[in-house]
Structure formats: structure tokens, C-alpha cells
Amino acid sequence: MLLYDTLSEQKKELPKPPSGDIKLFVCGPTVYGDIHIGNARTYLVFDTLVHYLRATGHKIFYLQNITDIDDKIINRSKEAGLTPKALAKKYTRIYHRDEKKLGINMVTKYAPATEYIKQIINQVKNLIDKGYAYKLDDGYYFDISKFKEYGKLAKRTALQAEDGVSHIDDHVAKRNKGDFVLWKFSKSGEPSWKTHLGDGRPGWHIEDTAITEHHFGPQYDWHGGGVDIKFPHHEAEITQQESASGKKPLVRLWTHVGSLVVDGKKMSKSLGNIIMAHDFLEKHDARILRYIVLSHHYRSPLNYSKGLVVEAIKSLARIEEFLAKISLVIKNSGDVRFDVKPYEEKFVSAMNDDFNTPEALAAIFILINDANQNIWRFDRGSAENIGKWVFDKAAMLKLSLNVAKIPFKIRRLAKKRELFRHNEQFVQSDLLRKQIEQLGYTVEDTPLGQLVLLAVPKD
Ligand code: AMP
């Protein structure tokens, strides 16, 4: 499979280690609040990608960190009247609850930063010993001028790094504006770990390289995350780990997911346009969000709007209606053959060319269009193959299909309606159609008899 690598700016073969699993690390959440649909996009992309790769025979160890100590956690815990630890635990639980509701379940291991303090301290110490880190009155900082390749991922120079400095990394006495904190001495009342470096807590970037070095070693296969943290976070990871180990590259493949914006605007508190995943899930099925995510190429920006929800509902209903027709054809087959092979080739080549899920979905809809031309005349074997193919492809994308069982009451009304139609009592049969529609179903007359379907919600 070819995937676009952000560092080399080229599509590359998925790295396959000579033995063992492909080692993938994806940046997880900072647990100070609920996840929004932008975070969910990134996790859904990797969830589907890993699922697809596993389904096609690859073995993957998927590691994800959880940032459970950070400025935002400390500040939010004060507002919430909880300890930072209790707040982080609460939102870690909520994160896993939301993942479950979203059907995200491919991660092999979650790694909360606070369980890796020993490894973090070792890495900071190593960087100090090798002359990359220096001490100020509030902590240890990485001197980016010491790493000549700083900026190679984000294609920036050290000078252009100045806008990447967060509050925690700020200090007037820093050697370079882009220097970032490795270990922060704690102020009174803040969470703190006792160490010979001075009591304190880790910086944001060091937690990930300490975690990956512990599980994967100084070099590994594949790193992912949202494009919003390519800089400074992922740049800092390369800088730290390649300096600490003297080995490069840190990873063989960098995958970045494009940002999700809402109605053309970045989600922000001030605009009040943040859509939390759990709010979305109160209104819609999880599969709607997955469909929206997969109908955009993972590297492109995704401009979320209500219109996309309507489109996703309609598209899934179209697949389900098609499958309902196919099940009628299986019962009343004809003699026309249909071969799924060209569609299979299209699907597979789209998936293997940089995980092009919109093209893979297009392969399904092209099959539906083509098959609909002759659908009532297919022979049984072809109809069965088509049905199985569509189900299999949806399953590869982790898209659940509701081929709804029609309740007995509705089937009975439909049978009665068919009888009226047969006797040309159209007024009565129309009344029954309306009754069926009021109960949330539709009825369609086909050459093979009535097709009763669950009605598609308006939005
Ligand atoms: P955070 O908790 O903000 O560090 O984000 C957790 C993960 O979600 C990271 O991989 C981010 O890159 C990703 N992420 C954050 N915001 C968005 C967004 N609007 N669209 C897509 N991914 C995002």
C-alpha cells in the first residue's frame, strides 16, 4: 500500500519491518474536556486505516498516548474543583466512552504520560548529558540551534519556529525563541514528580518520544496525527529523539490527517462552533460521522456542515435500498450475469493508493448504478455475489449497514395493499401506502413485487 509521507513529500510503500508488527504511534487526546468531531476525524481515519490493513493481512501494533498532565488540565481542574489527576481520569473515561460509541477499537495500547515519568526523566537527562538541553529558573529547555535539521518536517527554519511557542514554553531568557520545554519545575500546588533534575512535570513533546522509545525503540515505522500538530509537536519529537539517540530517521512514514472545520471556520470557543462528538452522537448514528470522514480524502481539509449529514444519510440509504432489491432478486432470479471484478479492482486500487476512501466509496456507487440497469433480471449467483461484495466493502470501511427487518405489522399492511392493487382497488391501496408511510416505512412497486423499506430521515 502506498501512503503519502509528510517528511519526504512523496507517496511511499507502507514500511514493513523484517520481523514483527508494523509499529504505529498516533497522538492521542489531552484529557481536559470532551473530544470534538475534529479529534474524532483523526481517530476515525486511523481506526479505519488500521482495520483495513489488518483485514488485508498486515500486523500492526497501534500505540496511542494520552496526555494526562498539561497546563490545560491544571487550569481546568481549578475551575472544576477537582485535582488534575481526577480531572484527567474523568476525561480519559469519557474519551474511551466516546470512542466506543464511535466504533473506534483498533488501538493496541493506550499510554498515559504520567505512567512514563521514569522514561521521560531518562530522556531529558540524556539530552542534558549530550549538551542539547539547558537549564533556566523554571525548567530545562531544548536548544533548537543544536539540531541542524530542525524544521525538516514542517519545512520551516528555526527562526520561523517563533510562532510555535506555547505558554508553557515561554521564557525571556531562552537561547532561541523556538526552544521548547522538556521538564518544567512545578509551582506550588501544581502536580509534581520528585527527581534529581528538580521537582516538576514533563513538557508536552517529550512524553511521546519517551513512550515510543520505551515501546518501539529509538526508530520505528509509522507516526500519525492531525496536521494541526505537525508543528511544533511532531517537529519537536524528531528533534528530541534523533538528538537523544543519534539515529535517524525517527520514523519511516509520517501520516497527517487534514483539519476539520465547521461551516468554513476553525472550531473555537469564541465562535461557539465547537461540535462535541457526544453531542453529534445524540442526534445521529456514529456511522454518519464515519461516512462523512471517509467521503473526504484523509489529507484534505474537511468542511463540516449539516448538508454533509443529509448527504451521508442519503448515501447510506441508497446502499441499503440497493441491498434490499438484491435480496428480492435472490428470491426471484433471472438469467442475466453480472461480474463484480472490475469494481473490486477499482476499490482495491483506490484503497492502496494513499487510502483514497472517497474513490473506494465511488467504486461501490458505480457498481450500484451499473447493476441497477438490469437488476430485476440477474441470475441468483450474480445477485448473491453483488450483495456479498457490497457488504464486504462496507465492512472493510467499518461502515455498518442497517438492512432493517421489516416488522410483521408493516409486512401485513403491505400484503393487504398488494391485494388491493391486484384487484385494481387503487383508492384503498393508496390509503394503505399512506398508513405505511406514517409508520416510518416506504413501499415501492418493482417488477418482482413490493419492496418495503425503512423511510430515510430528512436530516
Ligand atoms: P488534541 O487533544 O488537541 O491534542 O488533539 C488530539 C488529536 O486530534 C491530534 O491528533 C490532533 O491533531 C487531532 N485534531 C485536533 N483538532 C482537529 C481538527 N479540527 N481536525 C482534525 N484533527 C484534529
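Just so you know, ligand 1 is whichever comes first in the structure, and atom 1 is the first atom listed for that ligand. FYI, the numbering just counts along the sequence from 1.
Protein residues with any heavy atom under 4.0 Å from ligand 1: C27, G28, P29, T30, H36, G38, N39, T42, Y43, G225, G226, D228, I229, G258, S259, L260.
With hydrogens and angles ignored, the 3.5 Å screen pairs no side-chain donor or acceptor of R201 with any backbone N or O of E190. Judged purely by atom type and a 3.5 angstrom limit, E235 uses its side chain to pair as donor or acceptor with the backbone of K152.
Looking at D208, I211, V26 one by one, the single match for side chain to side chain contact (heavy atoms under 4.5 Å, CB included) with L63 turns out to be I211. Checked against E213 for a side chain to side chain donor-acceptor pair (under 3.5 Å), the options Q219, Q123, Q119 give a single hit: Q123.
When the side chain to side chain donor-acceptor pair (under 3.5 Å) test is applied to D221, the partners found at least two apart in sequence or on another chain are R252.
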Start with the C-alpha gap between Y4 and Y298, add the side-chain angles, then the distance that decides, and say whether ring pair (Phe, Tyr, Trp, His ring centres under 6.0 Å) holds.
CA-CA 11 Å; Y4 182 85; Y298 76 89; 8.5 Å; no
